[in-house]
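For ligands, and for the atoms within them, numbers begin at 1 and follow the listed sequence. Residues: numbered from 1 along the sequence shown. Keep in mind it's a predicted model, so treat the numbers as computed, not measured.
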Amino acid sequence: VSEAVALAHPNVALSKYWGKRDVRGNFPAVPSLSVTLATLTTRTRVRFGRSFAGDRILLGGATAEGTARQRVVELLDRVRGVAGDLGGAEVVSDNDFPTGSGLASSASGFAALALAAVRAAGLDWDASQVSDLARRSSASAARSIFGGFVELPAGEPDALETTRLSARAVAPANHLPISVLVAITTEAAKPIGSTEGMRATLERSPFAGAWLEEAPRLHARLRDALLARDFSSVGCLAESSALAMHASAIAAGVIYLSGATLEALTTIRALRGSGLAVYASIDAGPHVKALAQPADAARVRAALEGTPGVLRVVDAGVGEGARLVNGEASP
Ligand code: 2P0
């Protein structure tokens with residue numbers, strides 16, 4: 001039996017990925033740039049054993065079934081396809097935050113799973129290879145392999161499906177101090193998964209074309225602002241990216257926003273109207289992420305905690321990429 005345990009955090013995209021080039025191979029149609037969070041953690045243990053009867057997958061204490069199980073088994077099969085006969089796997093994965101509600105648990109989940117599976121299989125892959133493996137399961141997971149500010153380019157599958165597409169670090173965590181205040185508005189899982197929401201947006205939204213044109217432009221400007229350490233421009237462009245993504249999705253009937261989401265958005269925009277540099281980001285769920293400078297974080301947090309429909313606020317800084325526990329080196 002060989003095993004490895006990995007930790008990974010979610011990330012929040014400043015410039016959003018929304019839309020696949022082609023469902024085959026899971027290649028994003030637009031580039032994205034994210035911050036990896038310092039809190040909210042997935043911990044995943046993978047064991048391979050020739051005596052194991054099949055794969056046993058425990059997510060959050062419950063045996064995974066259906067699509068959730070299938071997505072994990074597909075990743076394990078890719079690893080087995082390279083490493084050879086490893087036998088069955090036992091996967092035990094837990095989050096210290098709500099799963100499947102737009103808190104990017106698939107990002108931290110598949111990042112931790114990819115790293116733990118690769119190492120348990122004895123493969124000596126670098127972070128870029130682990131990131132490509134994670135992307136095939138969940139594109140945002142490719143970014144959680146790295147810490148700090150991370151970019152995932154758009155990509156195109158080739159006929160043989162051997163094209164690699166990995167995220168890469170753009171700047172370290174200390175490049176631009178940012179507090180990400182996550183206003184949690186529900187504990188429930190989201191009604192429309194990201195894959196389905198993206199597909200519906202590209203197929204049905206009258207604004208799909210506008211999104212696909214605008215997203216790379218916002219991304220390039222945001223990347224420049226980040227490299228220039230221009231916090232206000234980064235925040236402003238991040239809010240524009242989130243609003244453009246949701247505008248295109250809403251027009252296709254894909255609505256992740258709730259009343260509480262709009263209340264929190266209103267709070268952030270009112271704070272900004274009073275002179276505070278704070279900006280909003282929203283992913284495929286009803287939570288709102290406020291982007292602030294650390295000196296302003298307490299004020300933003302208090303305002304969000306006083307907002308109707310906000311259950312609690314998690315203050316996350318910029319953190320590390322996926323890593324092994326048990327004293328082993330990171331990829
Ligand atoms: C992102 N999201 O850039 C965007 C913004 C949600 C909104 O990536 O289908 O779980 O597994 O590749 O990565 C969430 O979708 O999608 C996501 P799949 P994923 O963070």
Side-chain angles (χ1 to χ4, degrees), residues 8-37 40 42 67-68 70-72 74-75 95 99-114 131-146 149-155 157 165-167 170 180 182 189-202 211-212 214-216 218-219 222-223 237-250 252 254-257 261 280-289 291:
H9 303 296
N11 63 78
V12 173
L14 301 173
S15 74
K16 301 292 186 194
Y17 148 56
W18 193 250
K20 297 176 196 298
R21 187 81 75 188
D22 187 336
V23 169
R24 184 173 50 99
N26 206 33
F27 285 85
V30 296
S32 55
L33 196 159
S34 59
V35 284
T36 303
L37 301 183
L40 305 176
T42 298
T67 320
Q70 194 50 39
R71 284 179 83 179
V72 173
E74 279 170 14
L75 187 149
N95 293 332
T99 301
S101 69
L103 278 179
S105 57
S106 77
S108 55
F110 282 106
L113 176 68
S131 175
D132 175 66
L133 175 69
R135 178 196 54 77
R136 290 168 191 272
S137 297
S138 180
S140 58
R143 301 187 309 238
S144 276
I145 298 299
F146 299 93
F149 298 88
V150 184
E151 176 177 60
L152 177 64
L165 182 72
S166 306
V170 171
V180 181
V182 185
K190 62 190 171 198
I192 315 169
S194 296
T195 302
E196 172 56 20
M198 289 181 205
R199 197 188 54 72
T201 302
L202 293 200
W211 163 252
L212 293 175
E214 181 66 3
L218 285 170
H219 174 84
L222 194 143
R223 191 181 198 283
L237 290 160
E239 190 169 307
S240 295
S241 175
L243 294 176
M245 173 202 132
H246 282 280
S248 71
I250 287 169
V254 177
I255 305 176
Y256 292 107
L257 319 186
T261 313
S281 187
I282 307 163
D283 289 301
H287 315 294
V288 175
K289 288 106 181 189
L291 310 169

Indicate yes or no: does an N/O atom of N11 lie under 3.5 Å from an N/O atom of ligand 1? no
Looking only at protein heavy atoms, which one is nearest to atom 7 (C) of ligand 1, and what is the separation? D283 OD1, 3.5 Å
Both conditions, 6.0 Å and 45 degrees, for the charged tip of R135 above the ring of F27: are they met here? yes
salt_bridge(R199, E196) N-O dist < 4.0 Å: yes
Among all protein heavy atoms, pick the one closest to atom 10 (O) of ligand 1 and tell me residue, atom and distance. S106 OG, 2.8 Å
H246 and ligand 1 - part of the residue with a heavy-atom distance under 4.0 Å: neither
Give the residue, atom name and distance (to 0.1 Å) of the protein heavy atom nearest atom 1 (C) of ligand 1. R143 NH2, 3.4 Å
Nearest neighbour of atom 15 (O) of ligand 1 from the list S194, P31, G193, S144, on a heavy-atom basis: S194
L75 side chain near F110 side chain, heavy-atom distance below 4.5 Å: yes
Could you tell me whether some N/O pair between S15 and ligand 1 is separated by less than 3.5 angstrom? no
What is the nearest protein non-hydrogen atom to atom 8 (O) of ligand 1, stated with its residue, atom name and distance? Y17 CD2, 3.1 Å
Working to the nearest 0.5 Å, report the span between CG of L152 and CD1 of I145. 11.5 Å
Just distances here: any N/O of T195 and N/O of ligand 1 closer than 3.5 Å? yes
Have a look at M245 and tell me which of K16, M198, E214 forms a side chain to side chain contact (heavy atoms under 4.5 Å, CB included) with it. K16
Is there a polar contact, in the sense of an N or O pair closer than 3.5 Å, between A141 and ligand 1? no
Between the side chain of T261 and the main-chain N/O of P286, is any donor-acceptor distance below 3.5 Å? yes
Are any of the N or O atoms of W18 closer than 3.5 Å to those of ligand 1? no
Is S140 touching ligand 1 with its side chain, its backbone, both, or neither, if touching means heavy atoms under 4.0 Å apart? both
Please work out, at 4.0 Å between heavy atoms, whether the side chain, the backbone, both, or neither of A107 comes within that distance of ligand 1. neither
If you round to the nearest 0.5 Å, how far is OG1 of T42 from CG of N95? 3.5 Å
For atom 18 (P) of ligand 1, what's the nearest protein heavy-atom neighbour? Residue, atom name and distance, please. K20 NZ, 3.3 Å
For atom 12 (O) of ligand 1, what is the closest protein heavy atom, and at what distance to 0.1 Å? A139 N, 2.8 Å
Under 4.0 Å, heavy-atom basis, I'd like to know which part of R71 is in contact with ligand 1: side chain, backbone, both or neither. side chain
